[in-house]
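Take a look at the structure set out below.
Just so it is clear, the model here is predicted, and its values are computed rather than measured.
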Amino acid sequence: MSAVAWEAGKPLSVEEIEVAPPQKNEVRVKIHFTSLCHTDVYFWEAKGQNPLFPRILGHEAGGVVESVGEGVTDVEPGDHVLPIFTGECKECPHCLSEASNMCDLLRINTERGGMLHDGQTRFSKDGKPIYHFLGTSTFSEYTVVHVGQVAKINPEAPLDKVCVLSCGMSTGFGATVNVAKPKKGGSVAVFGLGAVGLAAAEGARVCEASRIIGIDLNPNRFEEAKKFGCTEFVNPKDHNKAVQEVISEMTGGGVDCSIECTGSTQAMVSAFECVHDGWGVAVLVGVPSRDDSFKTHPIHFLNERTLRGTFFGNYKPLSDIPGVVEKYMKRELELDKFITHSVPFLDINKAFEYMLRGEGLRCMIRMDA
(Lines give C-alpha, C1' and ligand atoms only; values in the text may rest on other atoms or scores of the structure.)
Protein backbone atom coordinates (compact mmCIF):
# COMPACT_ATOMS: atom_id res chain seq x y z
CA MET A 1 0.00 0.00 0.00
CA SER A 2 1.18 3.50 -0.85
CA ALA A 3 -0.24 6.99 -0.50
CA VAL A 4 0.02 8.49 -3.97
CA ALA A 5 -0.17 12.21 -4.75
CA TRP A 6 -1.78 12.12 -8.17
CA GLU A 7 -1.98 15.90 -8.52
CA ALA A 8 -1.10 19.06 -6.64
CA GLY A 9 -3.12 19.87 -3.55
CA LYS A 10 -5.49 16.91 -3.87
CA PRO A 11 -5.83 14.35 -1.03
CA LEU A 12 -3.42 11.43 -1.24
CA SER A 13 -4.87 8.17 -2.51
CA VAL A 14 -3.98 5.05 -0.51
CA GLU A 15 -3.82 2.15 -2.93
CA GLU A 16 -1.91 -0.92 -4.02
CA ILE A 17 1.05 -0.24 -6.33
CA GLU A 18 4.02 -2.25 -7.56
CA VAL A 19 7.43 -1.71 -5.94
CA ALA A 20 10.26 -3.20 -8.01
CA PRO A 21 13.23 -5.01 -6.47
CA PRO A 22 16.29 -2.92 -5.59
CA GLN A 23 18.91 -2.51 -8.31
CA LYS A 24 22.66 -1.87 -7.96
CA ASN A 25 23.50 0.05 -4.75
CA GLU A 26 19.83 0.14 -3.73
CA VAL A 27 17.91 -1.10 -0.72
CA ARG A 28 14.23 -1.96 -0.40
CA VAL A 29 12.89 -0.96 3.00
CA LYS A 30 9.67 -1.91 4.76
CA ILE A 31 8.51 1.33 6.38
CA HIS A 32 7.04 0.94 9.88
CA PHE A 33 6.51 4.58 10.83
CA THR A 34 6.66 7.82 8.91
CA SER A 35 5.84 11.41 9.81
CA LEU A 36 4.82 14.50 7.91
CA CYS A 37 7.27 17.37 7.44
CA HIS A 38 6.41 20.80 6.05
CA THR A 39 8.63 20.06 3.04
CA ASP A 40 6.22 17.30 2.01
CA VAL A 41 3.32 19.74 2.16
CA TYR A 42 5.28 22.36 0.18
CA PHE A 43 5.89 19.96 -2.72
CA TRP A 44 2.41 18.48 -2.49
CA GLU A 45 1.02 21.99 -2.97
CA ALA A 46 3.55 22.47 -5.82
CA LYS A 47 4.36 26.05 -4.88
CA GLY A 48 7.50 27.61 -6.28
CA GLN A 49 8.91 24.58 -8.07
CA ASN A 50 8.35 22.37 -11.08
CA PRO A 51 5.44 20.04 -10.23
CA LEU A 52 6.09 16.33 -10.66
CA PHE A 53 3.11 14.00 -10.38
CA PRO A 54 2.08 11.28 -9.70
CA ARG A 55 4.51 11.05 -6.82
CA ILE A 56 5.00 9.31 -3.49
CA LEU A 57 6.06 11.87 -0.92
CA GLY A 58 7.51 11.34 2.56
CA HIS A 59 11.05 11.55 3.92
CA GLU A 60 10.92 11.21 7.73
CA ALA A 61 10.64 7.53 8.54
CA GLY A 62 11.97 4.42 10.20
CA GLY A 63 11.91 0.92 8.81
CA VAL A 64 13.59 -2.44 8.32
CA VAL A 65 15.63 -3.56 5.30
CA GLU A 66 13.65 -6.12 3.30
CA SER A 67 16.13 -6.81 0.48
CA VAL A 68 19.29 -5.37 -1.05
CA GLY A 69 20.58 -4.96 -4.58
CA GLU A 70 23.91 -5.72 -6.20
CA GLY A 71 26.96 -4.25 -4.49
CA VAL A 72 25.27 -3.47 -1.17
CA THR A 73 27.40 -4.53 1.79
CA ASP A 74 26.73 -1.84 4.43
CA VAL A 75 23.27 -3.16 5.35
CA GLU A 76 21.45 -6.47 5.09
CA PRO A 77 17.86 -7.70 5.42
CA GLY A 78 16.60 -7.24 8.96
CA ASP A 79 18.66 -4.14 9.73
CA HIS A 80 16.79 -1.21 11.26
CA VAL A 81 17.34 1.96 9.27
CA LEU A 82 16.34 5.57 8.84
CA PRO A 83 15.93 6.61 5.18
CA ILE A 84 17.34 10.15 4.84
CA PHE A 85 16.66 12.81 2.20
CA THR A 86 20.37 13.46 1.70
CA GLY A 87 23.16 10.95 1.54
CA GLU A 88 26.76 9.96 2.04
CA CYS A 89 28.62 8.17 -0.77
CA LYS A 90 31.83 8.12 1.35
CA GLU A 91 33.96 8.79 -1.74
CA CYS A 92 33.45 12.38 -2.95
CA PRO A 93 35.48 15.38 -1.66
CA HIS A 94 32.61 16.44 0.63
CA CYS A 95 32.27 12.99 2.19
CA LEU A 96 36.03 12.74 2.65
CA SER A 97 36.15 16.13 4.37
CA GLU A 98 35.44 16.36 8.09
CA ALA A 99 34.16 19.90 7.46
CA SER A 100 31.25 19.03 5.15
CA ASN A 101 28.20 16.79 4.91
CA MET A 102 27.12 17.87 1.40
CA CYS A 103 27.71 14.73 -0.65
CA ASP A 104 28.27 15.42 -4.36
CA LEU A 105 26.41 12.28 -5.45
CA LEU A 106 23.49 12.17 -3.02
CA ARG A 107 22.87 15.78 -2.03
CA ILE A 108 19.19 16.68 -1.84
CA ASN A 109 17.58 16.96 -5.27
CA THR A 110 13.90 17.93 -5.19
CA GLU A 111 13.37 17.55 -8.93
CA ARG A 112 14.72 14.04 -9.43
CA GLY A 113 11.88 11.56 -9.80
CA GLY A 114 13.84 8.39 -10.57
CA MET A 115 16.73 6.40 -9.14
CA LEU A 116 20.37 7.31 -9.76
CA HIS A 117 21.31 3.90 -11.17
CA ASP A 118 19.17 4.11 -14.30
CA GLY A 119 16.92 7.16 -13.94
CA GLN A 120 13.88 4.89 -13.75
CA THR A 121 11.28 4.70 -11.00
CA ARG A 122 10.80 1.65 -8.80
CA PHE A 123 7.11 2.50 -8.28
CA SER A 124 4.39 1.82 -10.83
CA LYS A 125 0.64 1.40 -11.18
CA ASP A 126 -0.78 -0.58 -14.09
CA GLY A 127 2.59 -0.30 -15.80
CA LYS A 128 2.76 3.49 -15.51
CA PRO A 129 5.56 5.09 -13.46
CA ILE A 130 5.02 6.87 -10.17
CA TYR A 131 7.83 9.27 -9.28
CA HIS A 132 10.11 9.26 -6.25
CA PHE A 133 10.60 12.15 -3.81
CA LEU A 134 13.96 13.12 -2.27
CA GLY A 135 15.18 9.59 -2.92
CA THR A 136 13.08 8.28 -0.01
CA SER A 137 9.30 8.25 -0.72
CA THR A 138 8.36 6.97 2.71
CA PHE A 139 4.57 7.26 2.31
CA SER A 140 4.66 3.67 1.12
CA GLU A 141 4.65 0.30 2.85
CA TYR A 142 7.78 -0.52 0.82
CA THR A 143 10.21 1.92 -0.74
CA VAL A 144 13.51 1.70 -2.61
CA VAL A 145 16.39 3.92 -1.52
CA HIS A 146 20.04 4.34 -2.50
CA VAL A 147 22.23 2.59 0.07
CA GLY A 148 23.98 5.90 0.77
CA GLN A 149 20.67 7.27 2.06
CA VAL A 150 19.91 4.68 4.74
CA ALA A 151 21.44 5.06 8.18
CA LYS A 152 21.75 1.75 10.06
CA ILE A 153 20.68 2.28 13.67
CA ASN A 154 20.40 0.45 16.98
CA PRO A 155 17.63 -2.17 16.58
CA GLU A 156 16.53 -1.45 20.17
CA ALA A 157 15.64 2.15 19.28
CA PRO A 158 11.86 2.71 18.94
CA LEU A 159 11.25 3.51 15.28
CA ASP A 160 8.12 5.50 16.10
CA LYS A 161 10.30 8.01 18.00
CA VAL A 162 13.71 8.11 16.33
CA CYS A 163 12.28 8.37 12.83
CA VAL A 164 11.90 12.13 13.37
CA LEU A 165 15.71 12.34 13.44
CA SER A 166 15.81 11.68 9.69
CA CYS A 167 15.01 15.32 8.91
CA GLY A 168 13.69 18.20 11.02
CA MET A 169 14.86 17.30 14.50
CA SER A 170 18.44 16.64 13.42
CA THR A 171 18.46 19.81 11.32
CA GLY A 172 17.51 22.09 14.21
CA PHE A 173 19.36 20.24 16.95
CA GLY A 174 22.54 20.00 14.89
CA ALA A 175 22.40 23.67 13.93
CA THR A 176 22.80 24.47 17.61
CA VAL A 177 25.14 21.79 18.90
CA ASN A 178 27.33 21.40 15.80
CA VAL A 179 27.41 24.91 14.36
CA ALA A 180 26.38 27.60 16.85
CA LYS A 181 27.95 25.66 19.76
CA PRO A 182 26.69 27.77 22.68
CA LYS A 183 28.72 27.53 25.85
CA LYS A 184 27.28 26.50 29.18
CA GLY A 185 25.56 29.52 30.69
CA GLY A 186 25.41 31.33 27.35
CA SER A 187 22.49 33.05 25.63
CA VAL A 188 20.72 31.84 22.50
CA ALA A 189 17.99 33.36 20.32
CA VAL A 190 15.84 31.03 18.19
CA PHE A 191 13.85 32.59 15.35
CA GLY A 192 10.78 30.53 14.49
CA LEU A 193 9.25 28.08 16.95
CA GLY A 194 8.05 25.38 14.59
CA ALA A 195 9.42 21.85 14.87
CA VAL A 196 12.90 22.75 13.57
CA GLY A 197 13.15 25.84 15.76
CA LEU A 198 12.10 23.89 18.83
CA ALA A 199 14.74 21.27 17.97
CA ALA A 200 17.26 24.13 17.91
CA ALA A 201 16.00 25.22 21.33
CA GLU A 202 16.35 21.63 22.53
CA GLY A 203 19.96 21.77 21.38
CA ALA A 204 20.50 24.94 23.41
CA ARG A 205 18.94 23.24 26.44
CA VAL A 206 21.26 20.25 26.05
CA CYS A 207 24.22 22.65 25.80
CA GLU A 208 23.01 24.18 29.10
CA ALA A 209 22.48 27.70 27.79
CA SER A 210 21.10 29.89 30.57
CA ARG A 211 18.90 32.10 28.37
CA ILE A 212 17.01 30.72 25.39
CA ILE A 213 14.92 33.43 23.76
CA GLY A 214 12.20 32.26 21.37
CA ILE A 215 11.06 34.67 18.65
CA ASP A 216 7.82 34.01 16.80
CA LEU A 217 4.86 35.94 15.39
CA ASN A 218 2.43 33.39 16.86
CA PRO A 219 2.07 33.82 20.63
CA ASN A 220 0.24 30.48 20.86
CA ARG A 221 3.61 28.78 20.39
CA PHE A 222 5.23 30.32 23.44
CA GLU A 223 3.76 28.01 26.08
CA GLU A 224 4.71 24.89 24.12
CA ALA A 225 8.24 26.20 23.64
CA LYS A 226 8.88 26.16 27.39
CA LYS A 227 9.00 22.35 27.18
CA PHE A 228 12.00 22.69 24.86
CA GLY A 229 13.99 25.00 27.10
CA CYS A 230 12.86 28.47 26.03
CA THR A 231 13.12 30.85 28.96
CA GLU A 232 11.89 34.08 27.33
CA PHE A 233 9.81 35.08 24.33
CA VAL A 234 9.61 37.96 21.90
CA ASN A 235 6.82 38.64 19.43
CA PRO A 236 8.15 41.20 16.92
CA LYS A 237 4.60 42.52 16.47
CA ASP A 238 4.60 43.69 20.10
CA HIS A 239 7.39 46.23 19.49
CA ASN A 240 7.77 49.39 17.44
CA LYS A 241 11.47 48.78 16.84
CA ALA A 242 13.45 46.11 15.05
CA VAL A 243 13.52 42.82 16.96
CA GLN A 244 17.32 42.77 16.89
CA GLU A 245 17.28 46.01 18.86
CA VAL A 246 14.84 44.51 21.36
CA ILE A 247 17.09 41.47 21.87
CA SER A 248 20.20 43.61 22.15
CA GLU A 249 18.57 45.66 24.92
CA MET A 250 17.35 42.52 26.69
CA THR A 251 20.81 40.97 26.74
CA GLY A 252 23.15 43.90 27.21
CA GLY A 253 24.53 43.98 23.69
CA GLY A 254 23.26 40.85 22.02
CA VAL A 255 23.05 37.07 22.42
CA ASP A 256 26.03 34.76 22.12
CA CYS A 257 24.42 32.93 19.23
CA SER A 258 21.22 32.79 17.23
CA ILE A 259 19.56 30.19 15.02
CA GLU A 260 17.15 31.27 12.28
CA CYS A 261 14.53 28.64 11.37
CA THR A 262 11.91 30.52 9.33
CA GLY A 263 13.25 31.05 5.81
CA SER A 264 12.31 34.73 6.09
CA THR A 265 15.10 37.00 4.89
CA GLN A 266 13.95 39.64 7.37
CA ALA A 267 14.41 37.11 10.17
CA MET A 268 17.84 36.21 8.78
CA VAL A 269 18.98 39.82 9.03
CA SER A 270 17.55 40.10 12.55
CA ALA A 271 19.24 36.87 13.61
CA PHE A 272 22.61 38.12 12.40
CA GLU A 273 22.32 41.62 13.79
CA CYS A 274 21.11 40.47 17.23
CA VAL A 275 24.29 38.56 18.13
CA HIS A 276 26.94 40.21 20.29
CA ASP A 277 29.87 41.90 18.61
CA GLY A 278 33.26 40.32 19.20
CA TRP A 279 32.04 36.71 19.42
CA GLY A 280 28.42 36.34 18.31
CA VAL A 281 27.53 33.56 15.87
CA ALA A 282 24.34 33.49 13.79
CA VAL A 283 23.30 30.28 12.02
CA LEU A 284 20.83 30.22 9.12
CA VAL A 285 18.68 27.09 8.82
CA GLY A 286 15.48 28.23 7.08
CA VAL A 287 15.24 27.86 3.30
CA PRO A 288 14.38 31.15 1.54
CA SER A 289 12.39 31.52 -1.65
CA ARG A 290 14.45 31.09 -4.81
CA ASP A 291 14.71 34.79 -5.72
CA ASP A 292 15.21 36.15 -2.20
CA SER A 293 18.19 38.20 -1.12
CA PHE A 294 18.99 40.30 1.91
CA LYS A 295 21.45 42.96 2.87
CA THR A 296 23.21 43.93 6.06
CA HIS A 297 25.93 46.48 6.67
CA PRO A 298 29.50 45.12 6.40
CA ILE A 299 30.33 46.77 9.71
CA HIS A 300 28.56 43.89 11.45
CA PHE A 301 31.20 41.52 10.06
CA LEU A 302 34.05 43.91 10.83
CA ASN A 303 32.79 44.03 14.41
CA GLU A 304 33.50 40.30 14.59
CA ARG A 305 30.07 38.80 14.24
CA THR A 306 29.97 35.50 12.36
CA LEU A 307 27.23 34.41 9.92
CA ARG A 308 27.01 30.73 9.06
CA GLY A 309 24.67 28.44 7.20
CA THR A 310 23.96 24.78 7.80
CA PHE A 311 22.49 21.85 5.93
CA PHE A 312 20.92 18.99 7.91
CA GLY A 313 22.57 20.28 11.07
CA ASN A 314 26.03 19.48 9.65
CA TYR A 315 25.39 15.78 10.26
CA LYS A 316 26.80 13.20 7.86
CA PRO A 317 23.75 10.91 7.50
CA LEU A 318 25.38 7.48 7.70
CA SER A 319 28.30 8.37 9.97
CA ASP A 320 26.58 10.65 12.48
CA ILE A 321 22.85 9.92 12.75
CA PRO A 322 23.30 6.52 14.47
CA GLY A 323 25.12 8.44 17.22
CA VAL A 324 22.25 10.90 17.56
CA VAL A 325 19.92 7.93 17.99
CA GLU A 326 22.18 6.77 20.82
CA LYS A 327 21.81 10.17 22.50
CA TYR A 328 18.09 9.51 22.61
CA MET A 329 18.63 6.00 23.94
CA LYS A 330 20.82 7.44 26.72
CA ARG A 331 18.16 10.07 27.48
CA GLU A 332 20.51 12.88 26.55
CA LEU A 333 18.01 14.04 23.93
CA GLU A 334 14.22 14.13 24.19
CA LEU A 335 12.11 13.25 21.15
CA ASP A 336 8.72 12.19 22.48
CA LYS A 337 7.57 15.78 23.00
CA PHE A 338 7.95 16.50 19.26
CA ILE A 339 5.31 13.89 18.41
CA THR A 340 1.94 15.49 19.08
CA HIS A 341 -0.41 13.41 16.89
CA SER A 342 -0.69 9.87 15.57
CA VAL A 343 -2.84 8.42 12.79
CA PRO A 344 -3.10 5.09 10.95
CA PHE A 345 -1.80 5.02 7.37
CA LEU A 346 -5.29 4.97 5.90
CA ASP A 347 -5.90 8.35 7.56
CA ILE A 348 -2.70 9.97 6.28
CA ASN A 349 -4.64 12.95 4.93
CA LYS A 350 -5.50 13.89 8.53
CA ALA A 351 -1.80 14.55 9.08
CA PHE A 352 -1.92 17.10 6.26
CA GLU A 353 -4.99 18.70 7.85
CA TYR A 354 -3.21 19.05 11.19
CA MET A 355 -0.22 20.73 9.59
CA LEU A 356 -2.28 23.04 7.39
CA ARG A 357 -4.16 24.18 10.51
CA GLY A 358 -0.90 24.68 12.38
CA GLU A 359 -1.81 22.08 14.99
CA GLY A 360 0.98 20.26 16.76
CA LEU A 361 4.54 19.53 15.64
CA ARG A 362 4.85 16.05 14.18
CA CYS A 363 2.09 13.61 13.31
CA MET A 364 3.23 9.98 13.43
CA ILE A 365 1.74 7.80 10.68
CA ARG A 366 1.51 4.14 11.64
CA MET A 367 2.04 2.01 8.56
CA ASP A 368 0.68 -1.23 10.02
CA ALA A 369 -2.57 0.30 11.25
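- For the atom pair Ile215 CD1 and Leu193 CG, the distance stands at 7.5 Å (nearest 0.5 Å).
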**side chain to side chain contact (heavy atoms under 4.5 Å, CB included) between Val14 and Phe139, intermediate numbers included** = CA-CA 9 Å; Val14 179; Phe139 293 166; over 6 Å; no
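- Remark: the backbone N or O of Glu304 is not paired with any side-chain donor or acceptor of Asp277 at under 3.5 angstrom.
- Heavy-atom contacts from other residues, nucleotides or ligands closer than 6.0 Å to CZ of Arg357 number more than 12.
- Hydrophobic cluster membership is shared by Ile108 and Leu165, with clusters built from Ile, Leu, Val, Met, Phe, Trp and Tyr side chains linked at under 4.5 angstrom.
- In this structure the side chain of Phe352 never reaches within 4.5 angstrom of the side chain of Cys363, judged on heavy atoms.
- Using modelled atom types, no side-chain atom of Asn25 and backbone atom of Val147 make a donor-acceptor pair closer than 3.5 Å.
- Salt-bridge formation is detected for the pair Lys337/Glu202: a Lys NZ or Arg NE/NH1/NH2 atom is positioned less than 4.0 Å from an Asp or Glu carboxylate oxygen.
- Ser2 OG to Leu57 CG: the interatomic distance, rounded to the nearest 0.5 Å, is 11.5 Å.
- Here the closest non-hydrogen pair linking Asn109 and Arg112 is OD1-N, 3.1 Å.
- Judged by the 6.0 Å distance and 45° axis criteria, Lys161 is not positioned over the aromatic ring of Tyr328.
- Distance alone, capped at 3.5 Å, is enough to place a donor-acceptor pair between the His132 side chain and the Arg122 backbone.
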**Request:** Before giving the answer on side chain to side chain contact (heavy atoms under 4.5 Å, CB included), spell out for Asn314 and Arg308 the whole-Å C-alpha distance, their side-chain angles and the decisive distance to 0.1 Å.
**Result:** CA-CA 11 Å; Asn314 276 41; Arg308 294 197 58 183; 4.1 Å; yes
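- Checked for salt-bridge contact, Glu224 and Arg221 miss the test: no charged N lies under 4.0 Å from a carboxylate O.
- Between Val150 and Pro83, the shortest heavy-atom contact is CG1-CA, 4.2 Å.
- There is a side-chain donor-acceptor pair under 3.5 Å between Arg107 and His94.
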**Request:** Go through Glu60 and Thr34 one step at a time and tell me if the side chain to side chain donor-acceptor pair (under 3.5 Å) criterion holds.
**Result:** CA-CA 6 Å; Glu60 278 191 354; Thr34 185; over 6 Å; no
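- Leu105 contributes atom CG, which lies 10.0 Å from atom OG1 of Thr86 (distance to the nearest 0.5 angstrom).
- The closest side-chain donor-acceptor pair between Ser13 and Glu15 falls under 3.5 angstrom.
- Between the side chain of Glu26 and the main chain of Gln23, a donor-acceptor pair closer than 3.5 Å is present.
- In this structure a side-chain-to-backbone donor-acceptor pair under 3.5 Å is present from Glu260 to Gly263.
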**side chain to side chain contact (heavy atoms under 4.5 Å, CB included) evaluation trace for Ile247 with Val275** = CA-CA 9 Å; Ile247 294 171; Val275 299; over 6 Å; no
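- Taking the charged nitrogens against the carboxylate oxygens, Glu141 and Lys30 do have a contact shorter than 4.0 Å, which makes a salt bridge.
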**Request:** Show the numbers, then the answer: is there a side chain to side chain contact (heavy atoms under 4.5 Å, CB included) between Leu159 and His80?
**Result:** CA-CA 8 Å; Leu159 291 173; His80 288 218; 4.0 Å; yes
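- In the hydrophobic clustering of this structure, Leu82 groups with Ile31; members are Ile, Leu, Val, Met, Phe, Trp, Tyr whose side-chain heavy atoms approach within less than 4.5 Å, directly or through other members.
- At least one side-chain heavy atom of Glu249 sits under 4.5 Å from a side-chain heavy atom of Lys241.
- Looking at heavy atoms from C-beta onward, Val234 lies in side-chain contact with His239 at the 4.5 angstrom threshold.
- The shortest side-chain heavy-atom distance between Val41 and Leu356 falls under the 4.5 Å cut-off.
- Inter-residue side-chain proximity for Glu326 and Asn154 is flagged as met; some heavy-atom pair is nearer than 4.5 Å.
- Proximity of a side-chain donor or acceptor of Trp6 to a complementary backbone N or O of Arg55 within less than 3.5 Å is not detected.
- In terms of heavy-atom proximity, Ser170 sits nearest to Phe312 at CB-CE1, 3.8 Å.
- With hydrogens and angles ignored, the 3.5 Å screen pairs a side-chain donor or acceptor of Gln149 with a backbone N or O of Ile84.
- For the atom pair Leu36 CG and His341 NE2, the distance stands at 11.5 Å (nearest 0.5 Å).
- Taking all atoms of both residues into account, the shortest heavy-atom contact from Ser166 to His59 is OG-O, 3.6 Å.
- Residues Leu217 and Asn235 meet the side-chain proximity criterion, which asks for heavy atoms closer than 4.5 Å.
- A 4.5 Å side-chain heavy-atom check between Pro22 and Val27 finds every atom pair outside the cut-off.
- Leu134 and Phe53 fall into different hydrophobic clusters, where Ile, Leu, Val, Met, Phe, Trp and Tyr residues are linked whenever their side-chain heavy atoms come under 4.5 Å apart, directly or through other members.
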**Item:** Worked check of side chain to side chain donor-acceptor pair (under 3.5 Å) between Asp256 and Ser187
**Value:** CA-CA 5 Å; Asp256 298 316; Ser187 56; 3.3 Å; yes
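- Shown here is Glu98, whose CD atom has no more than 12 heavy atoms of other residues, nucleotides or ligands within 6.0 Å.
- When atom types are taken as modelled, the side chain of Thr136 and the backbone of Phe133 share a donor-acceptor pair closer than 3.5 angstrom.
- Judged by distance alone, the side chains of Ser342 and Arg366 do bring a donor and an acceptor atom under 3.5 Å apart.
- Between Glu353 and Lys350 no salt bridge is recorded (no basic side-chain N to carboxylate O distance below 4.0 Å).
- The residues Glu66 and Arg28 are annotated as salt-bridged, a charged nitrogen and a carboxylate oxygen being separated by less than 4.0 angstrom.
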**Item:** Steps toward salt bridge (Lys or Arg N to Asp or Glu O under 4.0 Å) verdict (Arg211, Glu232)
**Value:** CA-CA 7 Å; Arg211 299 182 72 179; Glu232 301 158 75; 2.7 Å; yes
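- Thr171 contributes a side-chain N or O that, together with a main-chain N or O of Cys167, makes up a donor-acceptor pair within less than 3.5 Å.
- Between the CZ atom of Arg362 and the OH atom of Tyr354 there is a distance of 15.5 Å, given to the nearest 0.5 Å.
- One hydrophobic cluster holds both Trp44 and Val4 under the rule that ILVMFWY side chains link at heavy-atom gaps under 4.5 Å.
- The existence of a salt bridge linking Glu223 and Lys226 is confirmed by a sub-4.0 Å separation between a basic side-chain nitrogen and an acidic carboxylate oxygen.
- Salt bridge status for Asp74 with Lys90: present, with a side-chain N to carboxylate O gap under 4.0 Å.
- Taking every heavy atom of both residues into account, Asp216 and Gly194 meet most closely at OD2-N, 4.5 Å.
- Distance alone, capped at 3.5 Å, places no donor-acceptor pair between the Ser124 side chain and the Lys128 backbone.
- Proximity of Leu333 to Val324: side-chain heavy atoms (C-beta onward) are separated by under 4.5 Å at one or more points.
- Ring orientation note: the planes of Phe272 and Phe301 are tilted relative to one another, at an angle of 30° to 60°.
- Residues Lys227 and Glu334 are not paired through a salt bridge, judged by the lack of any N-O separation under 4.0 Å between the basic side chain and the carboxylate.
- Summarising the geometry of Val283 relative to Thr310, their closest heavy-atom pair is CG1-CG2, 3.7 Å, with the distance given to 0.1 Å.
- Ile17 and Met115 fall within the same hydrophobic cluster, where Ile, Leu, Val, Met, Phe, Trp and Tyr residues are linked whenever their side-chain heavy atoms come under 4.5 Å apart, directly or through other members.
- Atom-to-atom distance recorded for Cys95:SG and Met102:CE is 11.5 Å, nearest 0.5 angstrom.
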